[in-house]
Amino acid sequence: MRPFEQVVVDHGPVVLRVCRAVIGPNEAEDVWSETFLSALGAYPDLRPGTNIEAWLVTIAKRKAIDRHRARARGPVPVENLPDMPAPVQDKPGSRENELWQALRELPSKQREAVAYHYIAGMPYAQVAEILGNSEAAARRAAADGIKRFRATYKGELS
Amino acid sequence: MSTIRVDNGGSASMFASLLVDDAEAQRRLHARLVASATAEGILDVAYHAIDTPIGSLLLAATDQGLVRVAFGSEDRESVLSMLAERISPRVLNAPGRLDAAAREIDEYFEGRRNSFDVPLDFRLAQGFRRAVLTHLLEIPYGDTASYASVAARSGKPKAARAVGSACATNPIPVVVPCHRVVRSDGTLGGYGGGPQVKEILLDLEAHHD
């Protein structure tokens, strides 16, 4: 089993990008921190051959849902990420902010599919596993998400 | 920063600005991870590399103490893999836990320290080899002892050869002074960090005794 430091170096940047895209830049670093702390704890028991990046992204998704659930009032069970995350982002006018504003208007499945496939570079089979749907559905969600994103995002595409 | 790994018709590049300040963010997040892992008691092996007159030394510590010192000539990746295999894969680059050891080693190389006070973790050595290491700590700064005399001190007078291999596999060199063990004929004998390093350490100690 490789030293956990190597896991942080190899996958830390990608997981941070996914966090930024899925839950927004404000909470991304908190979720990243909770994800890697939890991963470090569980790491010695990880089954050999596990796809580390998919494992980390799955933990990050759960941590994001936990935060959302903690924010939600009352005992209403929350099993998915919110479709329209409420917090207004700081740094108005920044490029990152505009991108995030466009991403946050996507339904959560589409936003996640876009993040996992286009930002983390995961194949659709893996995206489907994290989303809990079929490969075809994951592909469709990513395609719809990108289409909608392009329609919303007015900034220049580098 | 790193590139997006899949070709997806240019869509990836539109997220380029989500990558801003990644290096700085990673440094900040790494420090935060080390702090919370330490607080939760799940940082099993901390490591840190320091510069010394004999080159870079990789220091690693468990919560018990300094467990490994590796010379620059050793392959860093295999040293860290060995620590992950033999102790725990919860290994992080975490300079804080090595602060005291790093300071004492600095003082040693400046000639201001002739014994080490940091706690040591001998778990990487077993049996007779481990016994030899504890006896090496009894050889005073500036002195040398022969392989045969260390063998005698360790309770196996005929085991000079085994003392040689205990020294060669010393997981905590410099701090556990295997460099003070020389041949009975006065020649230096081998050293994990190379014979020149052994000579430098003995010279240093001779001049500051």
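In the text below, chain A, chain B and the rest are named by the order of the sequence lines, each starting its count at 1.
We find that B/Asp22 and A/Arg17 are joined by a salt bridge, their nearest charged nitrogen and carboxylate oxygen being less than 4.0 Å apart. At a threshold of 4.0 Å, the pair B/Asp117-B/Arg103 does not count as salt-bridged, since none of the basic side-chain nitrogens sits closer than that to a carboxylate oxygen.
Between A/His117 and A/Tyr124, the ring planes are parallel. Angles under 30° get that label, and only those over 60° would be called perpendicular.
Both the backbone and the side chain of B/Arg90 come within contact range of chain A, each with at least one heavy atom under 4.5 Å from a heavy atom of that chain. Contacts of A/Asp45 with chain B are absent, with no heavy-atom separation under 4.5 Å from either backbone or side chain. Interface residue B/Glu40: only side-chain heavy atoms are found under 4.5 Å from chain A.
Your options are B/Asp44, B/Val45, B/Leu33, and the one with the most heavy-atom pairs under 4.5 Å with chain A is B/Leu33.
With B/Cys167 as the fixed residue, the side-chain contact (heavy atoms from CB on, under 4.5 Å) test singles out one of B/Leu136, B/Val150, B/Val176, B/Leu133: B/Leu136.
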